[in-house]
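One structure below.
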Amino acid sequence: MTATINATTATLPLSQLRIDEKSNVRHANRGLDPVLVSSIRAIGLRSPLSVRKNGNGYVIFAGGQRFLALQEIAKERGEPDMPVPVIITDEADAAAREASLHENVARSAMHPVDEYRAYAQLANDKESPMSIDQIAKRFGVSEKGVHQRLALGQLDDSVLNAWQAGELDAKAAKLFTMQPDKKTQKSVLEQLRVGGYMHEHTVREALGLGFNSRAGKLLELVTEKAYLARGGKVMRDLFADDRSDNTSVSDPVLLKAMGDELIDREIARLSAEGWGTVSKQRPTDMWSYP
């Protein structure tokens with residue numbers, strides 16, 4: 001025989017709610033989730049909290065993380081009695097504990113590709129596209145994080161599908177963001193499939209990224225505008241460490257030659273000014289330029 005559970009949809013003041021320590025199964029990792037705060041702040045609470053009557057108030061057995069986010073928003077607004085949608089039930093301890101467990105373990109994690117595609121769709125929506133700033137504020141992500149997500153979400157479908165299927169890992173997929181041309185992305189992926197190796201180093205090599213650890217320094221010297229005018233291409237790694245040079249160039253030999261030309265012009269200028277001795281020594285390694 002199955003017991004009948006009575007459930008009522010209602011709106012209660014936030015101040016009357018607290019987490020039910022007896023039946024809520026999440027104890028560790030219960031800290032404030034800034035992404036959840038941003039989401040509720042932007043679109044409101046879409047899933048009511050599940051509560052039971054307890055004395056003069058109500059205890060939450062499912063929805064503790066949402067409750068903490070609501071408390072943060074109420075504090076920002078100065079509304080301790082902010083109205084909150086809830087489902088009031090008369091479930092016993094065991095049933096409430098089971099409901100809490102279901103909520104915490106029965107969720108299927110979203111694949112990163114689905115998340116990144118969704119970000120790209122928000123930014124590219126024809127009717128109401130969202131700006132970088134809007135997305136950052138709504139989802140509690142830094143602007144750099146939004147740029148990274150959009151770059152991944154806008155990769156060619158063949159690359160995203162390969163990542164989702166497990167052919168590429170995250171590190172290898174991120175390298176494709178340094179090649180903006182989708183036809184090239186698809187072509188490189190097909191070449192890698194033929195070779196049978198789609199690891200980070202083979203992807204980097206196939207995309208012509210090389211390991212130009214100080215390309216940015218030399219590019220500053222000759223100027224990016226001049227390098228582009230000579231047919232070179234510049235690629236920047238959105239996922240590079242903030243302390244490292246995130247620049248790769250399509251033609252390192254051309255970049256070094258332009259650096260040499262710059263030095264030759266400077267030597268000629270100094271000689272014309274009457275300098276008696278002008279050293280023509282220069283680094284043999286292009287990445288030794290200052």
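As the structure is a prediction and not an experimental result, all values here were calculated from the model.
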Gln179 side chain to Asp181 backbone, donor-acceptor under 3.5 Å: yes
Donor-acceptor contact present, side-chain Asp125 to main-chain Gln121, <3.5 Å: no
Pairs satisfying ring pair (Phe, Tyr, Trp, His ring centres under 6.0 Å), at least one member in residues 120-144, at least two apart: Tyr119-Phe139
Ion pair check, Lys183 and Glu190, cut-off under 4.0 Å: no
Ser39 side chain to Val35 backbone, donor-acceptor under 3.5 Å: no
Pair Lys217 + Glu220, salt bridge at N-O below 4.0 Å: no
Atom NZ of Lys171: over 12 foreign heavy atoms under 6.0 Å: no
Gln164 and Asp114: side chain donor to acceptor below 3.5 Å: yes
Asp133 bridged to Arg138 by N-O distance under 4.0 Å: no
Parallel, tilted or perpendicular, as decided by the 30° and 60° cut-offs, for the rings of His199 and Tyr197: tilted
Ion pair Glu261/Arg230, N-O distance below 4.0 Å: yes
N-O pairing of Arg41 and Glu72 below 4.0 Å: no
Flag side-chain contact, heavy atom, 4.5 Å: Glu167 against Arg193: yes
Glu200/Lys174 ion pair, N-O < 4.0 Å: no
Check: Leu12 and Ile88 side chains under 4.5 Å, non-hydrogen atoms: yes
